[in-house]
Amino acid sequence: MTEFQLGVIEVVNKVPRGKVVSYGQVALYLDMPRAARAVGWILRTAQLDTLPWWRVINNLGRISIKGNMYVDANTQKKLLEKEGIEVSKDFEIDIETYRFQLGFR
DNA sequence: ACGGTGACGAGAT
DNA sequence: TATCTCGCCACCG
């Protein structure tokens, strides 16, 4: 595990039920404001049971997962709705309503 | 060591 | 509103 991977896991685990953050927010919190894309890479390869990966969406408020062997957009949509988050049929979320503020360090 | 690959993001068309 | 482009950056072979 690299320090970056550990950092991503740690930050995502701060996001409470019913709230979401963007890939960019996670990167910013790790002092790497332009590493949003790298955050997505980490989540794609992470152990799903080590973090609430479904609470991370893109900054437009949309589920931007294309899907892999284990999960797809519908899986994420259901997990979010289970927490009370409203997700449209087009996988859109009112991010300003549900966004969790990670704050500073 | 080097280059292809994304679950990104912001601006342009 | 929907695409498209481009810069970014950690991983991995």
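Chain A is the first sequence line, chain B the second, and so forth, proteins listed ahead of strands; every chain is numbered from 1.
Under the 4.5 Å side-chain criterion, counting only non-hydrogen atoms from C-beta, A:Asn59 is not in contact with A:Tyr23.
At a cut-off of 3.5 Å, with distance as the only test, no side-chain donor of A:Gln76 or A:Trp53 sits close to an acceptor on the other residue.
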Under the side-chain contact (heavy atoms from CB on, under 4.5 Å) criterion, do A:Ile65 and A:Thr75 qualify, and how do the steps go?
CA-CA 10 Å; A:Ile65 173 179; A:Thr75 302; over 6 Å; no
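Atom CG in A:Leu28 sits roughly 17 Å away from atom P in B:dC8 (whole-Å rounding).
Applying the side-chain contact (heavy atoms from CB on, under 4.5 Å) test between A:Arg55 and each of A:Asn13, A:Val15, A:Ile85, A:Val12 identifies A:Val15 as the sole match.
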Starting at the 5' end of nucleotides 8-13 of chain C, put B wherever the base has a protein heavy atom under 4.0 Å, S where only the sugar-phosphate does, and a dash everywhere else.
BSSS--
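Across all non-hydrogen atoms, the minimal contact from A:Pro33 to A:Leu28 is CB-CD1, 3.7 Å.
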